[in-house]
Amino acid sequence: MIFEKEFLSLTILDVVKIEQKNVKVKVKGRNFDALSFRMHFDARLEANGKSIDVSKGSVAYVPAKLDYLREADVDELIAIHFQTSEYVSRDIEVLAPQDIERFSDLFHKILAIWESKAEGYRYLANACLYEIFSECQRECAGSMRNNSKIRASVEYMLGHYRDSDLTIGDIAAHSFMSEVYFRKIFKEEFGISPQKYIVRLRLQYAIKLMSTGEYSLKDVALSSGYADYKYFSSEFKKNYGVSPSKYGYDVWN
């Protein structure tokens, strides 16, 4: 998830407050990412055939180029439109923070800074956005510390996801549990299977390497945990809709 990332290069494009009633709008994929905070009401977001309920106090991330449906009887939120080159996703991600008041203060703060248009406001707003992501990462880390059952396994996964011979059984063993039980607990915690999570980590790392322009695609595949380039290309196209070579052309040219 983007909320777990240790570092992102962020550039704010806009900060807006939205208040709408009887909302049912299809949003065409935009050229920027969006981070929003729901202030009073619940909404439903739908993308890739999956429906996600976003409740009061939730922080929702919608990646660039994703078509989605937003539906609510009443929807009041603050949204930050931004760009980053270090993270690519095809799914909406939602964080339900424990410290809702803290996130409310930060989102209202960044809105006030942006609307002020005072000298240096863009720098101040960008600093506030980094602060928001810092709090997101803190919330995720706290959640992981509280789940002692799989913490050791997840930490092992994060340190070894680029090993091409990594198996779910190896990962589960670090929490002294069966592979079947680990898969169950992991999906309850992260919302996806551990295998899909590994694929996400590998492909995000691959994109980071590709963006430098310093590696061949075969080297990118090998460094990202794929011994077979054809399999890497297939997984990439399945997740991003285009081949690795076509993705690079569309994004960086």
Side-chain angles (χ1 to χ4, degrees), residues 1-19 27 30-43 45 52-66 68 70 75-147 151 154-155 158 189-191 197 200-201 204-205 207-208 211:
M1 294 179 72
I2 193 169
F3 307 116
E4 300 168 326
K5 297 292 287 184
E6 290 187 2
F7 180 78
L8 293 167
S9 177
L10 308 169
T11 303
I12 292 183
L13 303 177
D14 197 11
V15 182
V16 296
K17 183 177 180 180
I18 298 173
E19 297 176 279
V27 181
R30 302 167 296 189
N31 292 325
F32 54 80
D33 300 270
L35 194 72
S36 62
F37 176 81
R38 251 73 193 180
M39 291 181 286
H40 294 299
F41 301 96
D42 297 349
L45 305 178
I52 302 172
D53 291 326
V54 186
S55 60
K56 174 184 175 181
S58 293
V59 179
Y61 165 72
V62 178
K65 300 183 179 180
L66 179 70
Y68 69 98
R70 180 166 63 91
D75 203 12
E76 184 175 349
L77 66 140
I78 294 173
I80 304 166
H81 301 156
F82 67 98
Q83 290 179 325
T84 180
S85 59
E86 280 86 11
Y87 189 81
V88 178
S89 176
R90 289 180 61 83
D91 293 309
I92 294 171
E93 300 172 7
V94 177
L95 175 70
Q98 295 293 316
D99 192 351
I100 294 176
E101 197 64 36
R102 172 65 173 155
F103 279 88
S104 177
D105 289 345
L106 285 171
F107 272 83
H108 280 89
K109 176 182 176 181
I110 198 170
L111 178 65
I113 291 171
W114 193 262
E115 290 182 339
S116 75
K117 297 295 186 289
E119 186 174 354
Y121 77 97
R122 287 182 178 273
Y123 291 109
L124 292 172
N126 236 51
C128 190
L129 180 57
Y130 278 109
E131 191 174 1
I132 288 171
F133 271 103
S134 174
E135 290 297 324
C136 288
Q137 188 189 35
R138 194 191 312 275
E139 287 274 349
C140 289
S143 174
M144 182 56 63
R145 285 193 297 271
N146 291 335
N147 193 339
R151 181 181 61 186
V154 174
E155 289 177 350
L158 294 175
E189 177 70 19
F190 290 90
Y197 193 80
R200 177 184 292 178
L201 290 171
Q204 287 169 3
Y205 184 77
I207 288 172
K208 183 177 180 179
S211 69

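Starting from 1, each residue takes its place in the sequence as its number. It should be emphasised that the depicted structure is a prediction, and the values quoted were computed from it without experimental measurement.
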(request) Determine whether Phe3 and Val59 make a side-chain contact, defined as any pair of heavy atoms from C-beta on separated by less than 4.5 Å. (result) yes

(message) Test side chain to side chain contact (heavy atoms under 4.5 Å, CB included) on Phe82 and Asn126; report intermediate values, then the result.
(response) CA-CA 9 Å; Phe82 67 98; Asn126 236 51; over 6 Å; no

(message) Please give me the minimum heavy-atom distance between Asp99 and Glu139, naming the atom from each residue.
(response) N-OE2, 3.2 Å

(message) Using side-chain heavy atoms (C-beta onward) and a distance below 4.5 Å, is Phe107 in contact with Leu35?
(response) yes

(message) As an exercise, state the distance from NZ of Lys109 to CG of Leu129, rounded to the nearest 0.5 Å.
(response) 12.0 Å

(message) Quick check: closest heavy atoms across Leu111 and Val16, and the distance to 0.1 Å?
(response) CD1-C, 4.2 Å

(message) How long is the straight-line distance from NE2 of His81 back to CG of Asn31, given to the nearest 0.5 Å?
(response) 12.5 Å

(request) Measure across Val54 and Arg38 and return the closest heavy-atom pair with its distance rounded to 0.1 Å. (result) CG1-CD, 3.8 Å

(request) Assess whether atom CD of Gln98 is packed by more than 12 heavy atoms of other residues, nucleotides or ligands within 6.0 Å. (result) no

(message) Closer than 4.0 angstrom, basic N to acidic O: yes or no for Arg200 and Asp91?
(response) yes

(message) Between Tyr61 and Cys136, is there a side-chain heavy-atom distance shorter than 4.5 Å?
(response) no

(request) Output the distance between atom CD1 (Ile12) and atom CZ (Phe32), rounded to the nearest 0.5 Å. (result) 13.0 Å

(request) Working to the nearest 0.5 Å, report the span between CD1 of Ile78 and CD of Glu19. (result) 9.5 Å

(message) Tell me the closest heavy-atom pair linking Ser116 and Tyr121, and the distance in Å.
(response) OG-CB, 4.2 Å

(request) Could you pull out the closest heavy-atom pair between Ile110 and Cys128, with the gap in Å? (result) CB-SG, 3.7 Å

(message) Tell me whether Thr84 contacts the main-chain N or O of Ser9 through its side chain, where contact means a donor paired with an acceptor under 3.5 Å.
(response) yes

(request) Would you give the length of the straight line joining atom NZ of Lys56 to atom CZ of Phe37, rounded to the nearest 0.5 angstrom? (result) 8.5 Å

(request) Quick one: closest heavy-atom pair of Tyr197 and Leu158, and the distance? (result) CE2-CD2, 4.2 Å

(request) Find out whether Tyr87 and Leu10 are in side-chain contact, i.e. whether some heavy atom of one side chain is under 4.5 Å from a heavy atom of the other. (result) no

(request) First locate atom OG of Ser36, then atom CD1 of Ile92, and finally report the distance between them rounded to the nearest 0.5 Å. (result) 9.0 Å

(message) Under a 4.0 Å threshold between the charged nitrogen and the carboxylate oxygen, would Lys17 count as salt-bridged to Glu115?
(response) no

(request) Report yes if the side chains of Ile80 and Ile132 come closer than 4.5 Å at any heavy-atom pair, otherwise no. (result) yes

(request) Indicate yes or no: does Arg102 engage Glu131 in a salt bridge with an N to O separation below 4.0 Å. (result) yes

(request) May I ask you to check whether over 12 heavy atoms, not counting those of Tyr130, lie within 6.0 Å of atom OH? (result) yes

